[in-house]
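From a predicted model like this one, the values you see are computed outputs, not experimental measurements.
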Amino acid sequence: DEQVSAFRTWRKKNYTNMVNVMNEIIEKMVEFRVQSLSPSITGDQLLAFQSDIQELQVELLKIKLTCRELIITTFTDEQWDNFAFAVADNPKLASLIQQ
């Protein structure tokens, strides 16, 4: 119950912001592609635009890392074993669990 409560609290605190940042990244990536075809846009402007996108990606990663930290600190050994069993059929994920 305590673990479920912790995840629900995380979701209440972070989910909306995470989705908003993800949507902003998508919008800026689409806009970047459109702008990159415009002859009136300079290379420096495109570099600045890409930098904005990367800053948003870092912001998103920071949010996701808070969830990762919650998982790492709250999962029991049994939950890690169950997770390993669940991803065993996926070679990419299974190789990560073997560490």
Worksheet item: Is the number of heavy atoms from other residues, nucleotides or ligands within 6.0 Å of CG (Asp77) greater than 12?
Response: no
Item to complete: Inspect the surroundings of CE in Met29 and state if more than 12 heavy atoms from other residues, nucleotides or ligands are less than 6.0 Å away.
Response: no
Discussion item. Quick check for you: to the nearest 0.5 Å, what is the distance between Ile53 atom CD1 and Gln57 atom CD?
Written reply: 7.0 Å
Worksheet item: Do the non-hydrogen side-chain atoms of Leu65 and Arg68 ever get within less than 4.5 Å of each other?
Response: yes
Worksheet item: Under a 4.5 Å side-chain heavy-atom rule over Ile, Leu, Val, Met, Phe, Trp and Tyr, are Leu61 and Ile26 clustered together?
Response: no
Fill in: Check: Glu31 and Glu27 side chains under 4.5 Å, non-hydrogen atoms
no
Item to complete: Could you tell me the separation between the CE atom of Met22 and the CD atom of Glu59, rounded to the nearest 0.5 Å?
Response: 12.5 Å
Practice prompt. Would you indicate whether the side-chain heavy atoms of Leu46 and Thr42 approach each other to under 4.5 Å?
Written response: no
Discussion item. I'd like to check Ile63 versus Trp10 (side-chain heavy atoms, cut-off strictly below 4.5 Å). Are they in contact?
Written reply: yes
Worksheet entry | Residue pair Arg11 / Arg8, side-chain heavy-atom distance below 4.5 Å | yes
Discussion item. Tell me if a side-chain donor or acceptor on Ser5 pairs with a main-chain N or O of Asp1 at a distance below 3.5 Å.
Written reply: no
Item to complete: Please check if the side chain of Ser51 supplies one atom and the backbone of Leu47 the other of a donor-acceptor pair under 3.5 Å.
Response: no
Worksheet item: Would you say Phe83 and Phe85 are hydrophobically clustered, going by side-chain heavy atoms of ILVMFWY under 4.5 Å?
Response: no
Worksheet item: After noting the C-alpha distance and the side-chain angles of Arg33 and Leu37, does the key distance pass the side-chain contact (heavy atoms from CB on, under 4.5 Å) rule?
Response: CA-CA 7 Å; Arg33 288 185 183 109; Leu37 298 175; over 6 Å; no
Worksheet item: Would a 4.5 Å heavy-atom cut-off, applied to side chains only, mark Asn17 and Val21 as touching?
Response: yes
Discussion item. Working note: Leu56 + Asp52, criterion side-chain contact (heavy atoms from CB on, under 4.5 Å); need CA distance, chi angles, decisive distance, verdict.
Written reply: CA-CA 6 Å; Leu56 287 168; Asp52 291 344; 5.7 Å; no
Item to complete: Flag the pair Gln54 / Val58 as yes when at least one side-chain heavy-atom distance between them is below 4.5 Å, and no otherwise.
Response: no
Discussion item. Counting neighbours of CZ on Phe75 that are heavy atoms of other residues, nucleotides or ligands and sit closer than 6.0 Å, is the number greater than 12?
Written reply: yes
Discussion item. Within the 3.5 Å criterion, strictly below it, is a donor on Ser38 or Gln35 matched to an acceptor on the partner's side chain?
Written reply: no
Worksheet item: Looking at side-chain heavy atoms only, is the closest gap between Phe7 and Ile71 below 4.5 Å?
Response: yes
